[in-house]
Amino acid sequence: MLRVAITERPQWRELAHQLGFHFHTIEGEPYWTEDAYYQFTLAQIEKDIEDPTEALHEMCMDAVDRVCQSDALLHQLNIPEQMWGVIRASWRNGQPHLYGRMDFAYSGNGPAKLLELNYDTPTSIYEAGFFQWLWLEQVIEQRLLPAHADQFNSIQERMIAALAHIGQRLERDASAPPALHFASIKAHEEDRATVAYLQDCAIQAGLDAPFIHIEDIGYQPNTDHGCFVDLENRPIRALFKLYPWEEMNDDIFGELIPMMQTHWFEPPWKAILSNKGILPLLWQWNEGHPNLLPAYFDTSDGTTLSPGWVRKPFFSREGSNIELITTAGQYEAVDGPYTDNPRILQAYHPLPRFGERHALIGSWVVGDRACGIGIREDIGRITKDSSCFVPHAIV
């Protein structure tokens with residue numbers, strides 16, 4: 001794994017704006033960067049990233065099954081009891097999921113180490129699935145990379161195929177043509193762009209894909225189960241929501257969710273995997289696995305951390321409220337709103353460092369298959385929402 005300097009494409013910022021990638025720069029700081037790329041061999045991708053991702057995904061599916069069979073484990077993961085029945089039903093009924101992302105520490109040598117799962121509301125899929133592929137095509141055309149250069153990236157093809165499969169299932173379950181609503185919160189440009197990309201994939205898959213903001217979803221009661229509705233009062237039978245399950249549970253309409261006949265994407269059982277409490281359970285059930293790090297539920301008083309550990313809240317996004325102490329005793333932390341969560345402790349494993357930059361690999365799973373990666377880098381050891389996205393190539 002190398003970080004290789006390369007010439008930027010001329011006018012790539014103008015192209016990004018034309019394609020709706022307006023958040024390539026955030027608050028004046030670069031988010032997308034292409035003055036360098038990360039270089040891999042095919043063997044590194046296949047053996048060290050793709051195969052472990054699929055093996056870990058299978059472990060995750062086994063973990064969901066175990067948790068669904070245990071009140072004690074659902075309680076240990078701090079999942080509200082009102083959601084237990086919905087989660088179990090979504091799993092037992094085989095409610096399909098769409099996608100997820102595993103974050104790895106990997107330097108090109110030795111096994112990739114799983115840092116966490118982003119299996120409910122993962123972002124950066126537009127950058128990984130579309131914009132970095134466009135980058136590869138254009139730098140090859142400009143002879144900045146050899147013609148045989150490739151990329152671990154079938155994300156968009158997999159996404160369209162997975163959505164087509166979901167559309168077929170929805171069509172079997174209803175008399176009307178399949179419609180999958182898409183939703184994100186207001187005033188969040190990155191979330192809206194992510195959802196817009198997934199909407200476009202859904203349209204290519206043959207689905208009707210209307211959009212509604214989370215805040216605008218309504219409820220229409222009736223004598224049976226009632227239903228959520230959009231602003232045109234159309235029933236929302238299936239909904240992709242880029243909105244965490246733990247926050248939905250706390251919303252005003254959260255108590256209505258168990259009464260709905262909605263097809264959710266991601267499904268309620270994803271609440272188990274989006275919870276960092278799954279990491280100690282994965283270690284407990286697969287202790288010593290080369291791609292896992294030792295992890296435990298944090299029962300300390302919270303005053304100190306021994307060197308070589310990372311503390312993470314159960315529910316945390318974008319690196320918020322994570323703190324670590326390296327094996328050399330260096331301390332680092334990110335503030336955030338997740339201050340009242342139970343926490344886990346995970347063994348510290350350093351991200352590879354290139355100059356002042358630490359690189360994290362996000363490995364994408366779509367329709368149960370590993371299908372691509374995206375790389376984020378940061379000056380700090382904790383990857384945040386402001387961390388830069390850097391393309392990659394197989395050469």
Side-chain angles (χ1 to χ4, degrees), residues 60-61 64-65 67-68 74 77 79-101 117-123 125 159 162-174 176 178-185 191 194-195 198-199 201-202 205 207-220 224-230 234-275 278 315 317 365-368:
C60 289
M61 299 301 101
V64 173
D65 193 60
V67 172
C68 283
L74 287 164
L77 292 177
I79 294 174
E81 191 169 347
Q82 71 178 30
M83 288 298 298
W84 292 3
V86 176
I87 288 170
R88 284 170 165 151
S90 70
W91 177 251
R92 291 168 182 166
N93 294 338
Q95 189 171 129
H97 71 112
L98 190 56
Y99 74 146
R101 193 188 75 237
L117 300 165
N118 297 273
Y119 260 46
D120 183 18
T121 58
T123 54
I125 193 167
M159 180 62 67
L163 285 163
H165 175 74
I166 286 169
Q168 292 168 4
R169 178 163 179 157
L170 294 175
E171 196 166 22
R172 289 197 303 267
D173 294 343
L180 175 59
H181 280 74
F182 287 79
S184 63
I185 62 172
D191 283 7
T194 297
V195 170
L198 294 174
Q199 281 180 276
C201 290
L207 280 75
D208 181 21
F211 176 81
I212 184 170
H213 286 109
I214 288 285
E215 297 90 334
D216 291 334
I217 294 174
Y219 169 66
Q220 186 179 76
D224 296 321
H225 295 281
C227 61
F228 292 122
V229 294
D230 63 18
R234 291 179 298 180
I236 300 175
R237 305 297 186 191
L239 176 67
F240 174 90
K241 44 84 191 166
L242 197 65
Y243 192 60
W245 271 110
E246 67 268 17
E247 294 187 25
M248 286 185 66
N249 295 337
D250 292 336
D251 284 345
I252 295 174
F253 64 76
E255 63 185 24
L256 299 173
I257 291 171
M259 297 181 281
M260 298 296 103
Q261 299 298 306
T262 308
H263 291 271
W264 297 100
F265 300 96
E266 296 294 286
W269 59 261
K270 279 295 191 76
I272 295 171
L273 296 179
S274 65
N275 184 320
I278 198 65
F315 305 110
R317 297 293 193 282
V365 175
V366 177
D368 296 306

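Values below: all heavy atoms of this structure, side chains included; hydrogens, waters and symmetry mates excluded.
Applying the side chain to side chain contact (heavy atoms under 4.5 Å, CB included) test to His165 and every residue at least two apart in sequence or in another chain returns Gln168.
Note: Ile87 CD1 to Gln82 CD = 10.0 Å, rounded to the nearest 0.5 Å. The CG atom of Asn275 sits 8.0 Å away from atom CD of Glu246, with the distance rounded to the nearest 0.5 Å. The line from OG of Ser184 to CD of Gln199 is 8.5 Å long, rounded to the nearest 0.5 Å. One distance of note links CD1 of Ile217 with CG of Leu256; it measures 12.0 Å at 0.5 Å rounding.
Taking each heavy atom of Val195 and Ala183 in turn, the nearest pair found is CG2-O, 3.8 Å. Closest of all the heavy-atom pairs between Ala238 and Phe265 is CB-CE1, 4.4 Å. Leu117 and Cys60 get closest at one heavy-atom pair: CD1-SG, 3.7 Å. Nearest heavy-atom pair across Pro96 and Arg169 is CD-NH1, 3.4 Å. When every heavy atom of Ile79 is checked against every heavy atom of Trp84, the shortest pair comes out as O-NE1, 2.9 Å. Ile272 and Cys68 make their closest contact through CD1-SG, 3.9 Å (heavy atoms, listed as atom of the first residue, atom of the second, distance).
Ile236 places a side-chain heavy atom less than 4.5 Å from the side chain of Leu239. Counting only heavy atoms from C-beta outward, the side chains of Met159 and Tyr99 approach each other to under 4.5 Å. The shortest distance between side-chain heavy atoms of Cys227 and Arg237 falls below 4.5 Å. The shortest distance between side-chain heavy atoms of Ile214 and Leu242 does not fall below 4.5 Å. Between His181 and Asp230, the closest side-chain pair of non-hydrogen atoms falls below 4.5 Å. The shortest distance between side-chain heavy atoms of Leu98 and Glu266 falls below 4.5 Å. Trp264 is listed as a side-chain neighbour of Trp245, based on a closest heavy-atom distance under 4.5 Å. Between Glu215 and Ile185 there is a side-chain heavy-atom pair separated by less than 4.5 Å.
A donor-acceptor contact shorter than 3.5 Å links the side chain of Trp269 to the backbone of Gln95. Here the side chain of Asn93 pairs a donor or acceptor atom with the backbone of Ala89 at under 3.5 angstrom. No side-chain donor-acceptor contact under 3.5 Å links Asp120 to the backbone of Ser274.
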- Quick one: do Met61 and Trp91 satisfy side chain to side chain contact (heavy atoms under 4.5 Å, CB included)? Show the steps, please. CA-CA 10 Å; Met61 299 301 101; Trp91 177 251; 4.2 Å; yes

- Query: Could you go step by step and tell me if Arg88 and Leu74 meet the side chain to side chain contact (heavy atoms under 4.5 Å, CB included) rule?
  - Reply: CA-CA 10 Å; Arg88 284 170 165 151; Leu74 287 164; 3.6 Å; yes

- For Phe228 and Thr262, run side chain to side chain contact (heavy atoms under 4.5 Å, CB included): C-alpha distance rounded to whole Å, both residues' side-chain angles, the deciding distance at 0.1 Å, then the answer. CA-CA 8 Å; Phe228 292 122; Thr262 308; 3.9 Å; yes

- Taking it one step at a time, do His97 and Asp368 satisfy side chain to side chain donor-acceptor pair (under 3.5 Å)? CA-CA 8 Å; His97 71 112; Asp368 296 306; 2.9 Å; yes

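A salt bridge does not link Lys241 to Asp191: none of the charged nitrogens lies less than 4.0 Å from a carboxylate oxygen.
With hydrogens and angles left out, the side-chain atoms of Tyr243 and Asp251 include a donor and acceptor closer than 3.5 Å.
Residue-environment remark: CD (Glu255) stays at or below the threshold of 12 foreign heavy atoms within 6.0 Å.
Phe211 has its ring centre no less than 6.0 Å from the ring centre of Phe182.
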